[in-house]
Enquirer: 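Quick one: the structure is below, and I'll ask about it shortly.
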Protein chains: 2
Amino acid sequence: MVVGDVFKALADPTRRALLDELQERSGQTLYELVTRLITRHGSTSSRQAVSQHLDVLERAGLVRTRREGRYKFHDLDTSPLRAITDRWRLDPEPPPPGANP
Amino acid sequence: MVVGDVFKALADPTRRALLDELQERSGQTLYELVTRLITRHGSTSSRQAVSQHLDVLERAGLVRTRREGRYKFHDLDTSPLRAITDRWRLDPEPPPPGANP
DNA sequence: ACGATAGGCAAGCAACCGCTTGCCTGACAA
DNA sequence: TTGTCAGGCAAGCGGTTGCTTGCCTATCGT
């Protein structure tokens, strides 16, 4: 199940921070992400930990990668998140019943 | 972290099936949900398992409950899911590039 | 009162997850 | 060619999770 992988990937705070970081600055390498996680998100994750997190995100389809020489750049892909809003129809605003006559 | 609880709750297929079931028919009891999970979703979860799943969903704010006598009714609440669309800005529809002239 | 029904509590267990540790591969620069 | 830098592979560990098992409480019908 693909949708399960997406939710599992989003269940970890470090992985959500990685998505935040990739949204703000696209095309970062592993080392860039590690240092920016530490300096900007207060994370203490090692290189291997972040690498494994990126694997999970890539398998879930939330991160796309491209190789150039010895560098591997990561890009955010939010399209799998749309399945969430499609599944449980999220209207813009739920009107509170009886709160506003 | 509340947002982490929401994603963890959604990471389980049985819990997602419970949300589907509650969306289709609101206000079901624990026993109703168990039987409908078995008959309609092919699940084999026991009563205790479903009860614990409902606890997780309730703690995540995705399910609201109301007690009447010896019955406990469950209702779906999709408002926590809105945090997802707010965090990684999900536009309503991604225009396919060059697909519709 | 008594049984049946709807649900709750808690201990225990196997499987999974996040992370570390150690070593290895491949690309560039000197 | 040798050293350095970016990244990968895999085994192992401690904590968490999903589920079972067993027992208990509360409400309703008769």
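Chain naming here is simple, since letters A, B, ... match the order of the sequence lines and numbering starts at 1 in each.
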Enquirer: With the 4.5 Å side-chain cut-off for hydrophobic clustering, are A:Leu19 and A:Ile38 part of the same group?
Expert: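 Yes, A:Leu19 and A:Ile38 fall within the same hydrophobic cluster.
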Enquirer: Heavy atom of residues 60-75 of chain B under 4.0 Å from DNA chain D: which residues?
Expert: B:Gly69, B:Arg70
Enquirer: Please give me the minimum heavy-atom distance between A:Pro80 and A:Val6, naming the atom from each residue.
Expert: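 In terms of heavy atoms, the two residues are closest at CB-CG2, 3.9 Å.
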Enquirer: Taking atom CZ of B:Arg64 as the centre, report whether more than 12 heavy atoms of other residues, nucleotides or ligands fall under 6.0 Å from it.
Expert: no
Enquirer: Hey, is the main chain of A:Lys8 close enough, under 3.5 Å, to the side chain of A:Arg15 for a donor-acceptor pair?
Expert: yes
Enquirer: With a 4.5 Å cut-off on side-chain heavy-atom distances among I, L, V, M, F, W and Y, is there a chain of contacts connecting A:Leu10 to A:Val56?
Expert: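 No, it is not one cluster - the side chains of A:Leu10 and A:Val56 are not joined through contacts under 4.5 Å.
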Enquirer: Starting from B:Leu57, can I reach A:Val3 by hopping between I/L/V/M/F/W/Y residues whose side chains sit under 4.5 Å apart?
Expert: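 A:Val3 and B:Leu57: one cluster.
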Enquirer: First locate atom CZ of A:Arg47, then atom CD of A:Gln52, and finally report the distance between them rounded to the nearest 0.5 Å.
Expert: 10.0 Å
Enquirer: What distance separates B:His53 NE2 from B:Glu58 CD, expressed to the nearest 0.5 Å?
Expert: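 If we round to the nearest 0.5 Å, B:His53:NE2 and B:Glu58:CD are 15.0 Å apart.
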Enquirer: Enumerate all atom pairs, one protein N or O and one N or O from nucleotides 17-20 of chain C, separated by less than 3.5 Å.
Expert:
| residue | atom | partner | partner atom | Å |
| --- | --- | --- | --- | --- |
| C:dG18 | OP1 | A:Arg15 | NH2 | 2.7 |
| C:dC19 | OP2 | A:His53 | NE2 | 2.2 |
| C:dT20 | OP2 | A:Ser46 | OG | 2.7 |
| C:dT20 | O4 | A:Gln52 | NE2 | 3.0 |

Enquirer: Using a strict 4.0 Å threshold on nitrogen-to-oxygen distance, state whether A:Arg59 and A:Asp5 make a salt bridge.
Expert: no
Enquirer: Are A:Arg66 and A:Asp75 ion-paired here, with the side-chain N under 4.0 Å from a carboxylate O?
Expert: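 Looking at A:Asp75 together with A:Arg66, the answer is yes, because their closest N to O distance falls below 4.0 Å.
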Enquirer: Could you give the start and end, 5' to 3', of the contact zone on DNA chain D for chain B, using atoms under 4.0 Å from its heavy atoms?
Expert: D:dT17 to D:dC28
